[in-house]
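Working notes, structure below.
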Amino acid sequence: MMEKRSSFTGKIGFVLAAAGSAVGLGNIWRFPYLAAKYGGGIFLLVYLILAVTFGFSLMCAEIALGRKTGKSAIGAFRALDKRFSFVGVVASIIPAIILPYYSVIGGWVTKYLAVFASGHVTEAANDGYFENFISKPFEPVGWFLLFIGLTALVVLLGVQKGVEKVSKVMMPVLIVLTVFVAVYSMFMPGALEGVKYYLLPDFSKFSATTVLAAMGQLFYSMSLAMGIMITYGSYMKKDVSLESSVRQIEVFDSAIAFLAGLMIIPAVFSFSGGDEQALGKGPGLMFVTLPKVFGGMKGGAVIGTVFFLLVLFAALTSSISLMETVVSIVRDKFGLKRGTTCLIVFVVSVALGIPSSLGFGVLDSVKLLGMSILDMFDFVSNSVLMPVVAFATCIFVGYVIKPQSLIDEVELTGEFKKKKLFTVIIKYVAPIFIVLILITSVLDTLGIMKI
Ligand code: PFF
């Protein structure tokens with residue numbers, strides 16, 4: 001039997017729910033390490049330009065697609081043109097790939113919360129503490145299981161309403177705390193060089209990989225190109241302004257990412273003088289740098305505890321939306337009960353997540369194209385599948401159903417101010433750009449061509 005499609009109460013409910021999905025580890029953990037690795041200011045600049053053009057247009061398109069059809073990804077594409085059903089299918093695979101490794105990182109956050117809450121601040125600030133932790137065979141897997149177990153429990157009980165209520169309080173507190181830590185970081189000895197590295201673009205560091213990395217990050221951070229925003233759009237009421245909602249989500253998401261970079265990158269300079277190796281640390285960056293910041297701060301244990309609690313919360317609201325999506329797709333497809341589906345998704349995610357976790361220890365020698373298992377999952381979903389889905393979505397909207405059909409949907413509540421930008425991006429700029437970037441960067445990664 002079909003359950004009645006619920007909808008968000010109003011604009012605030014919608015914006016908060018979408019922002020809860022968008023703001024997560026992508027902003028606080030992933031953005032700073034990519035920005036540090038890909039040249040600081042130049043990455044930030046490329047990211048922000050992409051956010052207000054691509055990000056804005058694609059998010060409008062996805063939410064409008066969902067609201068217009070009242071369906072989630074697979075159904076929405078199928079309802080408008082059967083030949084494009086595969087786009088919905090590919091989009092739906094992406095959250096299933098992300099959820100396991102996202103939860104591994106969520107497990108690391110949970111561990112750090114426990115470490116800070118039990119007052120072991122100085123230990124966590126020691127060199128090698130993080131590497132030692134993730135290379136253990138059992139402990140990180142245990143934290144991963146705890147995190148994904150918690151996610152599954154919420155999805156099973158269906159308490160998202162509660163999550164939404166808590167978000168209303170937690171999100172503003174997260175912003176205040178991030179600003180506080182960012183200001184503190186900026187004034188640490190030697191941090192000014194880091195502020196410059198992060199804010200002043202160095203054009204000699206620009207390459208196709210910078211753009212691809214920024215684009216992958218944008219899709220990830222705004223939960224785009226994986227069907228999520230289509231589903232959220234299907235819950236959106238017709239009398240809520242779509243354009244201004246998208247603007248708000250975008251500003252909120254980018255602001256948190258920006259602040260997270262300001263919190264972490266100057267601190268890396270303060271501790272290491274900004275040498276290449278420290279900047280290119282990758283996924284571990286946040287876990288190595290922030291404990292050192294908190295370790296040197298008066299009251300660092302308390303601030304660190306509150307901070308990791310908020311990050312954990314942001315991560316949970318995102319992982320819940322990831323699992324919820326996977327569960328609802330599997331359910332729709334196989335007509336299973338909610339409980340059974342949750343169990344299946346949980347077991348499969350655990351099976352995929354364990355190798356990602358072990359990839360830093362026991363399975364350290366397993367490298368694909370020089371990437372750890374976790375990085376490989378991350379690369380395939382963010383740098384390959386998401387651009388492919390984004391490309392197909394642009395072709396679909398630009399040439400099959402035509403931009404006007406979505407402009408009409410947006411204009412149900414008044415003029416679509418950026419409709420020219422929307423049309424040009426969706427029809428011309430985005431498709432050409434995505435293909436070029438995708439080809440050059442995949443060739444580069446495979447070592448066929450050096451850019
Ligand atoms: N946007 C989330 C983040 O930045 O952490 C990650 C994410 C959550 C992606 C939920 C997709 C999703 F459905």
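Heavy-atom basis, side chains included; hydrogens, waters and symmetry copies ignored. When a ligand or atom number is given, it counts from 1 through the structure's own listing order.
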Min over Tyr220, Phe31, Tyr102 of heavy-atom distance to atom 5 (O) of ligand 1 lands on Tyr102

Contact region, Ala22 to ligand 1, non-hydrogen atoms below 4.0 Å, reads backbone

Should Thr325 be counted as touching ligand 1, given the test is an N or O pair under 3.5 Å?
-> no

Under 4.0 Å between heavy atoms, the region of Arg30 that gets near ligand 1 turns out to be neither

Here the gap from Ile426 atom CD1 to Leu421 atom CG, rounded to the nearest 0.5 Å, amounts to 9.5 Å

Under 3.5 Å: N/O of Val23 near N/O of ligand 1 = no

Quiz item: Parallel, tilted or perpendicular: which fits the ring planes of Phe294 and Phe116, with parallel below 30° and perpendicular above 60°?
Solution: perpendicular

Checking heavy-atom distances from atom 13 (F) of ligand 1 to each of Ile28, Ile98, Ile228, the winner is Ile228

ask   = Can a non-hydrogen atom of Trp29 be found less than 4.0 Å from any atom of ligand 1?
value = no

Closest to atom 2 (C) of ligand 1 (heavy atoms only, candidates Ala257, Gly24, Gly26, Ser21) is Ser21

Below 4.0 Å from ligand 1: does a non-hydrogen atom of Pro95 turn up there or not? no

For Leu25, the ligand 1 atoms with a heavy-atom partner under 4.0 Å come out as 5 (O)

Note to self: Are there over 12 heavy-atom neighbours, none belonging to Lys417, within less than 6.0 Å of that residue's NZ?
What the structure shows: no

Would Phe84 and Phe77 satisfy ring-ring contact (aromatic ring centres under 6.0 Å, His included), going step by step from the backbone distance to the final call? CA-CA 6 Å; Phe84 277 77; Phe77 282 100; 7.2 Å; no

From the list Ile97, Ile148, Ile98, side chain to side chain contact (heavy atoms under 4.5 Å, CB included) partner of Ser349 resolves to Ile148

Flag if over 12 foreign heavy atoms under 6.0 Å of NZ, Lys418:
no

Discussion item. Using the rule given for side chain to side chain donor-acceptor pair (under 3.5 Å), can you reason through Ser21 versus Ser223, listing the C-alpha separation, both sets of side-chain angles and the distance that settles it, and then say yes or no?
Written reply: CA-CA 7 Å; Ser21 165; Ser223 304; 3.1 Å; yes

Parallel, tilted or perpendicular: rings of Tyr198 and Phe258 (30°, 60°)
parallel

Result for ring pair (Phe, Tyr, Trp, His ring centres under 6.0 Å) between Phe31 and one of Tyr38, Tyr47, Tyr220 points to Tyr47

If we number the atoms of ligand 1 from 1 as shown, the ones under 4.0 Å from a heavy atom of Leu322 are 8 (C), 10 (C), 11 (C), 12 (C), 13 (F)

To the nearest 0.5 Å, atom CZ of Phe133 lies from atom NZ of Lys111 at 5.5 Å

Heavy-atom proximity to atom 11 (C) of ligand 1, picking from Glu324, Met229, Met226, points to Met226

Quick note on ligand 1: atoms under 4.0 Å from a heavy atom of Asn27 include exactly 4 (O)

Inset, instruction - State whether the shortest distance between N or O atoms of Ser321 and N or O atoms of ligand 1 falls below 3.5 angstrom. - result: no

protein heavy-atom neighbour closest to atom 7 (C) of ligand 1 works out as Ser223 OG, 3.8 Å

